[in-house]
Number of protein chains: 4
Amino acid sequence: MAVETHERRRGAPRNEAARLAILRATASLFATRGYDHLTIEGIAAEAGVAKQTIYRWWPSRSALVAEALIEGLLLTGPFDLPDTGDIRADLVAWLEGLFVFLDDPRNNALICSLVAAAAENPEIGLRLNDALGATTLLAERLDAAVAADDLWRDTPVQEIGDAVLGVLVVRALQRTPADPGLPARLVRVLLRDPAGPR
Amino acid sequence: MAVETHERRRGAPRNEAARLAILRATASLFATRGYDHLTIEGIAAEAGVAKQTIYRWWPSRSALVAEALIEGLLLTGPFDLPDTGDIRADLVAWLEGLFVFLDDPRNNALICSLVAAAAENPEIGLRLNDALGATTLLAERLDAAVAADDLWRDTPVQEIGDAVLGVLVVRALQRTPADPGLPARLVRVLLRDPAGPR
Amino acid sequence: MAVETHERRRGAPRNEAARLAILRATASLFATRGYDHLTIEGIAAEAGVAKQTIYRWWPSRSALVAEALIEGLLLTGPFDLPDTGDIRADLVAWLEGLFVFLDDPRNNALICSLVAAAAENPEIGLRLNDALGATTLLAERLDAAVAADDLWRDTPVQEIGDAVLGVLVVRALQRTPADPGLPARLVRVLLRDPAGPR
Amino acid sequence: MAVETHERRRGAPRNEAARLAILRATASLFATRGYDHLTIEGIAAEAGVAKQTIYRWWPSRSALVAEALIEGLLLTGPFDLPDTGDIRADLVAWLEGLFVFLDDPRNNALICSLVAAAAENPEIGLRLNDALGATTLLAERLDAAVAADDLWRDTPVQEIGDAVLGVLVVRALQRTPADPGLPARLVRVLLRDPAGPR
DNA sequence: GGCTAATCGAGACGGTACGTCCCGTCTTTAG
DNA sequence: CTAAAGACGGGACGTACCGTCTCGATTAGCC
């Protein structure tokens with residue numbers, strides 16, 4: 001019978017309060033100052049912690065950001081994806097919400113900072129989908145729509161998710177405000193209705 | 001007309017050799033060391049130039065990168081977009097080339113560095129399209145295809161370009177190698193053939 | 001004709017005010033806190049100077065102390081060596097002054113700190129003689145006394161100086177207060193009068 | 001009558017093996033790395049002991065050195081003081097041995113390290129005499145010589161010992177190699193023969 | 001030709017953050 | 001109660017760059 005022997009190490013165990021304080025300080029400073037300007041010393045000071053305690057558990061600044069992102073401390077999402085039965089209308093509404101979010105320069109800067117962090121740490125790139133809901137919410141909804149025959153059977157759900165996230169990232173990097181028709185046009189491209197106009 | 005308004009100042013004129021040496025040093029160090037690790041002092045040393053000469057003409061590190069990008073010193077492209085008459089096949093071939101490019105970790109790192117620089121400087125984000133050919137090449141080709149009735153009249157060319165660039169960026173940030181079918185699936189999503197299977 | 005071409009280096013010249021502020025801060029902190037507890041960061045802060053400015057010109061903490069010692073910022077001396085014609089009486093008086101100086105714990109600590117610094121940096125050891133006057137004052141006086149036939153012709157002046165300094169150092173390290181007869185006994189040993197008692 | 005007053009505490013008794021390992025590690029690291037560079041963590045690692053075990057029994061780094069010195073782990077002496085009947089010749093020979101010892105830079109560094117430790121801890125200063133034999137050996141010999149009427153009755157034995165030790169310390173701090181005549185000149189100063197030349 | 005103004009190299013400077021080392025204390029498991 | 005293990009807050013280390021500045025040297029236009 002597989003007893004969990006769990007060979008307990010000697011010495012004081014890791015201080016969970018310190019870990020949380022560090023991640024929270026990371027999130028707070030990341031949001032207010034951006035990824036550049038985010039310093040280990042600043043985090044340590046904000047968290048009331050010695051620098052070495054950070055270096056003991058995280059190999060880099062970007063790893064801190066990745067963990068804070070995973071813990072949901074960086075992006076408050078999810079951005080609700082409505083379910084009215086019309087998959088295209090729902091998607092347009094969801095994208096409109098995202099573009100409104102991006103219109104606030106502070107949010108735009110937040111996304112840019114996340115992208116900068118992702119450029120240093122692949123894990124952040126991988127988690128960006130989840131964090132913005134492009135994977136969890138969108139993929140589930142698309143899968144359901146495919147199952148309900150609202151979309152073609154061979155719809156490449158993964159690629160659509162990447163494209164949505166990609167457009168968001170690219171527009172965030174360009175700091176161009178979205179024009180009102182953008183969400184609809186995007187949906188028209190990504191979920192082209194076969195009965196649509198030639 | 002066209003009077004030489006350029007009111008000639010007194011004193012020594014700007015040293016073009018220094019300007020070029022600086023941009024070349026920027027490009028070289030950017031390619032080898034990445035955007036983080038790119039330092040003004042390093043560029044000055046590599047270019048055999050005083051720091052002040054850099055600060056005199058560029059406001060920031062990212063401005064240097066932007067100018068080097070514009071001058072075509074960072075990305076050797078363009079990645080040729082073939083023209084066989086079949087817009088979808090051409091696009092698939094072009095994307096395959098880009099994903100092969102991204103499969104080399106050094107190129108992937110280069111793109112990530114560019115994205116990191118873009119996160120600091122919107123101009124770099126705007127130039128990324130051009131640099132990767134997503135605007136110039138792709139948009140022209142799509143416009144031509146629309147004109148030739150190979151694509152719907154209302155095809156949102158701009159959005160497709162953003163989506164293509166976005167997918168490339170997102171996959172670069174995730175460092176995931178592309179599977180062989182990806183280019184075809186992407187083209188199927190973005191340029192859905194209305195005569196395709198339901 | 002030997003013109004002093006004095007090949008002038010380019011770049012800003014060394015800031016003499018900063019140099020002095022650093023040495024003065026060194027002296028001040030050395031006197032108040034002791035050699036251990038003397039930190040580069042503390043000196044930089046006290047002098048209102050960047051750390052790098054210190055590291056640019058001095059290789060180590062002990063080099064700072066050595067230069068401060070040479071500049072006469074550490075020991076206020078000289079401890080006057082009286083000249084009444086009686087070399088032995090003069091020496092006794094001088095030593096009494098030195099032992100009174102050592103009786104103050106702060107002065108004792110100062111000497112111990114200097115010895116600690118000398119243990120790291122030979123130059124400090126070499127300058128200790130001068131700083132305490134054991135070389136300049138004492139040696140001159142002894143030489144004069146030899147010339148005046150008040151001491152044997154073969155009196156090893158250098159060794160007497162070392163012995164005097166050595167006794168002071170050893171007693172400082174032991175923190176033993178000097179008993180009143182010590183100076184006289186020392187002089188009796190070092191400048192034994194041939195007509196003295198057997 | 002020798003009652004065992006040593007009120008036996010509860011719990012595990014002090015681990016003598018650990019104590020010895022710590023002192024031996026102290027001595028080893030002190031000899032190889034010097035007093036600065038001697039760290040509690042280094043000693044603990046070398047001795048295979050927890051830091052707390054050191055802090056439980058010794059108040060400071062210098063106390064460790066003091067105890068290692070007392071246990072004879074730091075200086076291998078004694079440097080034999082020959083006894084040929086001629087006190088002056090014996091002393092010259094003994095001093096020559098000491099200066100030869102000091103001529104090896106590693107020994108010189110060892111003495112400097114001891115002096116640095118003494119600057120922090122008076123006890124080490126007090127033990128230095130014993131350790132170098134300046135007290136035990138020299139003082140006994142001088143006392144015997146006085147008793148045998150080879151030296152004046154009022155010879156200040158203590159001061160001569162301090163002077164010898166002092167000269168050694170000062171020359172060690174100056175890192176000046178001794179010239180061949182130094183021991184003889186020192187003995188001439190310290191044990192001046194009244195029948196000597198004027 | 002002298003004057004003024006700008007550029008350029010070199011590099012000193014005050015400052016910030018880096019990542020590492022070690023301090024002395026505390027907390028846990030083991031004996 | 002001792003001991004090994006090791007986490008912790010703290011402080012200083014020596015280094016790397018930042019962006020600004022002060023130099024001497026050079027190169028133009030202007031009187």
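In the text below, chain A, chain B and the rest are named by the order of the sequence lines, each starting its count at 1. Not measured: the values here are computed from a predicted model.
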Figure out the CD1/C1' separation between Ile54(A) and dG10(F), and round it to whole Å.
-> 13 Å
Heavy atoms under 4.0 Å, any strand shown: does Gly42(B) hit a base, just sugar-phosphate, or nothing?
-> nothing
Against the side chain of Ala50(D), the closest entry in dA5(F), dG19(E), dT27(F) is dA5(F)
Please evaluate the base of dC21(F) for a donor-acceptor partner in the side chain of Gln52(B) within a cut-off of under 3.5 Å?
-> yes
Please tell me which of the listed nucleotides, dC8(F), dC30(F), dT20(F), lies nearest to the side chain of Arg10(B)?
-> dC30(F)
Would you kindly compare Glu41(B) and Glu41(A) by the position of their nearest DNA chain F nucleotide and give the one closer to the 5′ end?
-> Glu41(A)
Would you say Thr32(D)'s side chain and Ser28(D)'s backbone share a donor-acceptor pair under 3.5 angstrom?
-> yes
Would you indicate which nucleotide in dG24(E), dT28(E), dC18(E) comes nearest to any side-chain atom of Pro13(A)?
-> dT28(E)
Atom pair CG/OG of Asp36(C) and Ser113(C) - distance to nearest 0.5 Å = 6.0 Å
Proximity to the side chain of Thr53(D) - top-ranked nucleotide from dG24(E), dA10(E), dA4(F) | dA4(F)
Answer yes or no for Arg61(C) and Phe30(C): cation-pi contact, defined as NZ/CZ to six-membered ring centre under 6.0 Å and angle to ring axis within 45°.
-> no
Separation between CG (Leu29(B)) and OG1 (Thr39(B)), nearest 0.5 Å, reads 7.5 Å
Trp58(D) side chain N/O closer than 4.0 Å to the phosphate oxygens (OP1, OP2) of dG24(E)?
-> no
How long is the line joining CZ of Arg56(B) and C1' of dA5(E), in whole Å?
-> 12 Å
Geometric cation-pi criterion Arg14(A) and Trp57(A), 6.0 Å radius, 45° cone | yes
5'-most by nearest nucleotide on DNA chain E - Val49(B) or Thr39(A) = Val49(B)
Trp57(B) vs dC8(E): side-chain N/O to OP1/OP2 distance below 4.0 Å = yes
Which nucleotide in dC18(F), dA7(F), dC18(E) has an atom nearest any side-chain atom of Lys51(D) | dA7(F)
Comparing nearest nucleotides in DNA chain F, the 5'-proximal residue of the pair Ala18(A), Leu38(C) is Ala18(A)
Rounded distance (Å) that lies between atom C1' of dG15(E) and atom CG of Asn15(C) = 15 Å
When you get a sec, tell me which of dG6(F), dC23(E), dA3(F) is the closest nucleotide to the side chain of Arg14(D)?
-> dA3(F)
Gly48(B) or Arg19(C): which one's nearest nucleotide on DNA chain E is closer to the 5' end?
-> Gly48(B)
